[in-house]
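Report on the structure given below.
The chains referred to below are lettered A, B, ... by the order of the sequence lines, with proteins before strands, and numbering in each begins at 1. Computed over heavy atoms, backbone and side chain alike; hydrogens, waters and symmetry mates excluded.
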Amino acid sequence: MQFVPALLPRLIQAIDNVIEANAEEVTALDQAIGDGDHVTNLQRGIKALTAQSDELAAQLDWAATWQKIGMTMMTAVGGASGSLYGTLFVAMSKAARERPVVSGVERALDLQTFAEIFSSGVDAVKLRGKADAGEKTMLDVLIPVAASLRQAATDSVALSDVLKNVVQAAITGMESTRDMVATKGRASFLEERSRGHIDAGAKTSQLMICALVGVLTENLTTPS
Amino acid sequence: MQFVPALLPRLIQAIDNVIEANAEEVTALDQAIGDGDHVTNLQRGIKALTAQSDELAAQLDWAATWQKIGMTMMTAVGGASGSLYGTLFVAMSKAARERPVVSGVERALDLQTFAEIFSSGVDAVKLRGKADAGEKTMLDVLIPVAASLRQAATDSVALSDVLKNVVQAAITGMESTRDMVATKGRASFLEERSRGHIDAGAKTSQLMICALVGVLTENLTTPS
Amino acid sequence: MKKLINNIDTLLDESLSGFAKAHADIIQFNAQPHFVKRIKPTAPGKVALISGGGSGHEPLHTGFVGSGMLDAACPGQIFTSPTPDQMLAAAQAVENGGGVLFIVKNYAGDVMNFEIAAEMLDCPHETLLVSDDVSFPKTHSTGRRGVAGTLIVEKIVGAAAESGADLATCKALGDRVNLVTASMGVALSSCTVPALGKPTFDIGDNEIEMGVGIHGERGRERRAMSSATEIVDYLAGSIDDDLKPQKGQSALLHINGFGATPLMELHLIYELASRFWEKRGVNICRSLVGNYTTSLDMAGCSITLSLLDDELLRLWDAPVHTATLRWGC
Amino acid sequence: MKKLINNIDTLLDESLSGFAKAHADIIQFNAQPHFVKRIKPTAPGKVALISGGGSGHEPLHTGFVGSGMLDAACPGQIFTSPTPDQMLAAAQAVENGGGVLFIVKNYAGDVMNFEIAAEMLDCPHETLLVSDDVSFPKTHSTGRRGVAGTLIVEKIVGAAAESGADLATCKALGDRVNLVTASMGVALSSCTVPALGKPTFDIGDNEIEMGVGIHGERGRERRAMSSATEIVDYLAGSIDDDLKPQKGQSALLHINGFGATPLMELHLIYELASRFWEKRGVNICRSLVGNYTTSLDMAGCSITLSLLDDELLRLWDAPVHTATLRWGC
Ligand SMILES: Nc1ncnc2c1ncn2[C@@H]1O[C@H](COP(=O)(O)OP(=O)(O)O)[C@@H](O)[C@H]1O
Ligand SMILES: Nc1ncnc2c1ncn2[C@@H]1O[C@H](COP(=O)(O)OP(=O)(O)O)[C@@H](O)[C@H]1O
Ligand SMILES: [Mg+2]
Ligand SMILES: [Mg+2]
Ligand SMILES: [Mg+2]
Ligand SMILES: [Mg+2]
């Protein structure tokens, strides 16, 4: 797998594009049951990441890379999502540091290690948000995606299928928030009135994950 | 002429009716080039007069009657028009006191005395408002009405014609404000933009004068 | 129109009575006729400062009654001048041997009603006309309007009166402050007078009214919406042309919200206006930012610059204890 | 949407910089990362009080930085929680040997960001969660929101910290004030977040949102517009049910405007709310009426009742000198 830090500029660019392209739709979602700032928040983070993307591509190891991404998200985004994405990446960095992550020029990650690290990150998000699946948040995307990665790692599925499964898990998770009543975050104050709207944070998680997968898939078929 | 204080309740009622009937139109005029409160202001005064109308009908003389009307307008109306109507009647009272006004049960006024007294009132309004004809205010109605009364008194016209002339003077005066640029009152701040709108205060002066004339005319033909 | 009221007729009384309760430690409300006066007795011989005007501009003037500022304020109906009986009753309640100074914003209704009261007053008295609005030339047929600068006059004269200045001195001081104080406002939206229930004027989504008055009377001109910097350049430019401050001159900069403009925007306007005058060498050494002379729920603001010498600065800084301004005590 | 701004990206900085200039005698603005701190050095060992939250609620919290109240405030982007680096930098700037008390409105974003900062802080620290909004039951899945009662907590704990109370005492005191403080709000219109340019929610000409949050998050329910008395009965009734004040209990009544509601209406609400509690034997002995915890340009208000015993009253009355609240000095 060619999941190396050198890919980061392209990944960040892909995320930037997908959020930009869906800005209006997502803002409408956050306005419907939140306060409407979710896209602006994320875009501040993405802009900060973009400014650092060369630096990130040259980071020595994944732990340091994720730490930097986490701190950038944490300091640039703000709001609920900033602390959660910050927590996700800082926790991934911590998990990476505790593991014999492949180092060296390539610093490629094997799927199983990544699945474990990502799961640690998602667990940290659950702790930070005092939330779990079914509460109509980004966790309804992150948790199934982590599960699908872990599953794939144990079943040793072909990488292209892993990526397809991830996309499927993200989309299904995102869609599932529509019929939920929010019990965490700002939408929880709407109680029954929150039903019928997709959660903005779930939507952007899904969009970003799918954008990342898009780049990885491309990279798989036409390795750089 | 049967212009006696006993008529006051009917006169006040007539004024109340005509302002009520034209409230929306006049408010629109005051909103167009003023602050929109002119009708509400006048109505506070009319309401206060109505509450006193029995008392007024029983006043001892015209001087006392006008003083009471003036003080009521002055304390109940507020704004520019309150001080001006207050001034008008208080000055009429003063002029009446200085003149050998007919007293006794009837206390009827002859036309010439009334014309002089009313003119004194209008002069006081001019002084109070530091204004004259042509400035797009109620004076563009009051001044020609006073003139037409004085004219009639010297020419000894038939009373029914006097009343017709007064109505004509009031309407012509009111209409003339449409093409003026306001130089006094709130509308003056609109400068050229004030042109094209009838002045609210001129309009209500005209309406009230015509309503008074209406009662008097009725009284002329079917004396009570 | 949605308003937090019961009905139009009781609105003013219920509100004034709430104001009086909320500030029962400093002021007292007289319901018939309407006036608000301070509670603590003043020193014998102190000049009594009385202001007033239509309601709808709160906290002006009731919020400025208290020690170091006004002795009484006469609230009229909404956007309607108070009446002479209110002013006379207020004068009777607070006159304490030093005579009465009426502080009046230059609007026809206010001027005429205070004039009638003054004619009826049987103690020494003076009237101070505030005319700080530079939207119109000094030669305007009714003179300039009195707007947000009024509170500066009231504060400074209030401090002087408190420290024993006599009637003539207070009047002269007020005239002096009025001369060095200039204001101009811009409306982004109209206000809605409760009794009317619809906006006083129509304004397009991309329009602003430059030089608007504090009753939503239209002002100098309708313009296209523009950036805060351009708006400040226009307003501050007009003020600067009028006052022509010297380099090194010290000044109070007052940004006044009309009622519906977030404080965040007012502080932004303060930033731009202070940059405007700093560039011209003016020393902005005092500030006041907030909703002080409002027009009900109008969006927009006014800028006021007041050129204060050491004496005027000292009087501005003197202790004041009112519902709205309080410092030094 | 018309706003007095230059552009969305510079809005917050230009505004904070104007705020800092206007109050340069009391506070100082740090631009990178954003925080406002008081200027005068505090007594060694004084507990450092730091609050913060999204911008758009001005004067909360920056307007409450100064002696007798907060040591620092961290403004986030509009309606967006500030970030941990701001809180850490602020703590570093104002910690003076007595530890740090974070005062946080109970909103997911604020709670999580302050939590991260607390985890990273290497001095003694506590976090005080304010949760005064009774629109939701205490059992709500995220707890109750922190709204207009926050400034009461900040004022009272601020006074205690100033007079030397230690960290544990300040924290316990804050929790105590939070428990006796209850608020609820109503929106007549939505606010408009500048970056979005359109109202956060739609609301009909004859509708109001009961229990609205301070970011324009919808609240307990949508209702038909009604009289001020009915609205007060609803809000005050909910508060009363929650606090269950005793007869004779003394209390502070705070009417908070959301930004676009005229002071006249706020005083009217004060009148009705004080009648509500007077009828129930509560002794309303302190008041605060005005725009303190705003939601940009939202129309509406909240009612807060805070049951204060003698100690809490004394702390409320203690001198305070901030941009917004000032008394006793
Ligand atoms: N406690 C929580 N746990 C997990 N995710 C949460 C939590 N609270 C909020 N979120 C997510 O954050 C999103 C909102 O992010 P954003 O709009 O940036 O912040 P804010 O709610 O502070 O305005 C929600 O749509 C939801 O997905
Ligand atoms: N100086 C003046 N002299 C004569 N009439 C005036 C003067 N100023 C205003 N008016 C009249 O008063 C009317 C406005 O009255 P009103 O709306 O009740 O008071 P305000 O202008 O204080 O709101 C104007 O339409 C005009 O006719
Ligand atoms: Mg949001
Ligand atoms: Mg008018
Ligand atoms: Mg008026
Ligand atoms: Mg937010």
Side-chain angles (χ1 to χ4, degrees), chain C residues 1-7 11-12 14-19 21-24 55-56 58-59 63 78 186 188-189 205-206 208 225 227-229 231 253 255 259-272 274 284 287-291 294 296-297 299-301 321 326-329, chain D residues 1-7 11-12 14-19 21-24 55-56 58-59 63 78 186 188-189 205-206 208 225 227-229 231 253 255 259-272 274 284 287-291 294 296-297 299-301 321 326-329:
Chain C
M1 174 200 67
K2 277 179 282 184
K3 303 252 179 203
L4 291 167
I5 62 178
N6 281 323
N7 68 69
L11 158 58
L12 191 59
E14 289 183 336
S15 174
L16 282 166
S17 143
F19 171 75
K21 275 190 199 163
H23 299 285
S55 291
E58 289 69 30
I78 292 177
V186 59
L188 272 53
S189 78
D205 276 350
N206 202 32
I208 55 181
M225 179 64 191
S227 72
T229 297
I231 290 173
L253 174 57
I255 307 299
T261 296
L263 200 49
M264 182 184 282
E265 295 174 37
L266 300 180
H267 280 128
L268 185 147
I269 296 296
Y270 183 87
E271 167 70 17
L272 302 178
S274 66
I284 305 290
S287 68
L288 189 69
V289 184
N291 295 303
T294 60
L296 294 169
D297 55 353
C301 74
H321 186 173
R326 180 169 179 183
W327 55 74
C329 58
Chain D
M1 175 200 67
K2 278 181 279 182
K3 303 253 177 201
L4 291 167
I5 62 177
N6 281 322
N7 68 68
L11 159 57
L12 190 60
E14 288 183 336
S15 174
L16 283 167
S17 142
F19 171 76
K21 273 189 199 163
H23 300 286
S55 291
E58 290 68 30
I78 291 176
V186 59
L188 273 53
S189 79
D205 276 350
N206 202 31
I208 56 181
M225 179 65 189
S227 72
T229 297
I231 291 173
L253 175 56
I255 308 299
T261 297
L263 200 49
M264 181 183 284
E265 296 176 35
L266 300 181
H267 280 129
L268 185 147
I269 296 296
Y270 183 87
E271 168 68 16
L272 302 178
S274 65
I284 304 290
S287 69
L288 190 69
V289 184
N291 295 304
T294 60
L296 294 168
D297 54 354
C301 74
H321 186 173
R326 180 170 178 182
W327 56 74
C329 59

**Asked** chain D heavy atoms under 4.5 Å from C:Ile231: which part of the residue, side chain, backbone, both or neither?
**Response** side chain
**Request:** Considering non-hydrogen atoms only, spot the tightest contact between C:Gly328 and D:Arg326 and give its length.
**Result:** N-NH2, 3.7 Å
**Request:** Side chain from CB out, backbone as N, CA, C, O: work out which of these in D:Ile78 comes under 4.5 Å of a heavy atom of chain C, or both, or neither.
**Result:** side chain
**Message:** Taking salt bridge (charged side-chain N to carboxylate O under 4.0 Å, His left out) as the definition, give me every residue that meets it alongside D:Lys21, ordered by chain and number, with sequence neighbours left out.
**Reply:** C:Glu271, C:Glu278
**Complete:** What one should report as the nearest heavy-atom pair of C:Tyr270 and D:Gly18 is CD2-O, 3.5 Å
**Item:** D:Ile269 versus chain C, the contacting section by heavy-atom distance below 4.5 Å
**Value:** side chain
**Asked** So which part of C:Leu288 gets closer than 4.5 Å to some heavy atom of chain D, the side chain, the backbone, both or neither?
**Response** neither
**Prompt:** Which heavy atom of D:Met264 sits nearest a heavy atom of C:Ser15, and at what distance?
**Reply:** O-OG, 2.8 Å
**Request:** For C:Glu265, check side-chain contact (heavy atoms from CB on, under 4.5 Å) against everything at least two apart and list the hits.
**Result:** C:Thr261, C:Pro262, D:Lys3, D:Leu4, D:Ile5
**Item:** Part of C:Asp205 lying under 4.5 Å from any heavy atom of chain D
**Value:** backbone
**Message:** Within this structure, what is the CG-CD1 distance for the pair C:Leu263 and C:Ile255, rounded to the nearest 0.5 Å?
**Reply:** 11.5 Å
**Message:** For C:Asn291, which atoms come within 4.5 Å of any heavy atom of chain D: side chain, backbone, both, or neither?
**Reply:** side chain
**Item:** Nearest-0.5 Å distance that lies between atom CD1 in C:Ile208 and atom OG in C:Ser189
**Value:** 12.0 Å
**Request:** Mind ranking D:Asp297, D:Leu268, D:Leu253, D:Val186 by heavy-atom pairs under 4.5 Å with chain C and telling me who comes out on top?
**Result:** D:Leu268
**Item:** Region of C:Thr294 in contact with chain D, defined by heavy-atom distances below 4.5 Å
**Value:** neither
**Prompt:** What residue in C:Glu14, C:Lys2, C:Glu58 has the most heavy-atom pairs under 4.5 Å with chain D?
**Reply:** C:Lys2
**Prompt:** Where does D:Asn6 contact chain C at under 4.5 Å (heavy atoms): side chain, backbone, both or neither?
**Reply:** both
**Contacting region of C:Met225 [heavy-atom separation from chain D under 4.5 Å]** = side chain
**Message:** Does any backbone or side-chain atom of D:Leu12 lie under 4.5 Å from a heavy atom of chain C? Answer side chain, backbone, both or neither.
**Reply:** side chain
**Asked** Side chain, backbone, both or neither: which part of C:Leu11 has a non-hydrogen atom closer than 4.5 Å to chain D?
**Response** both
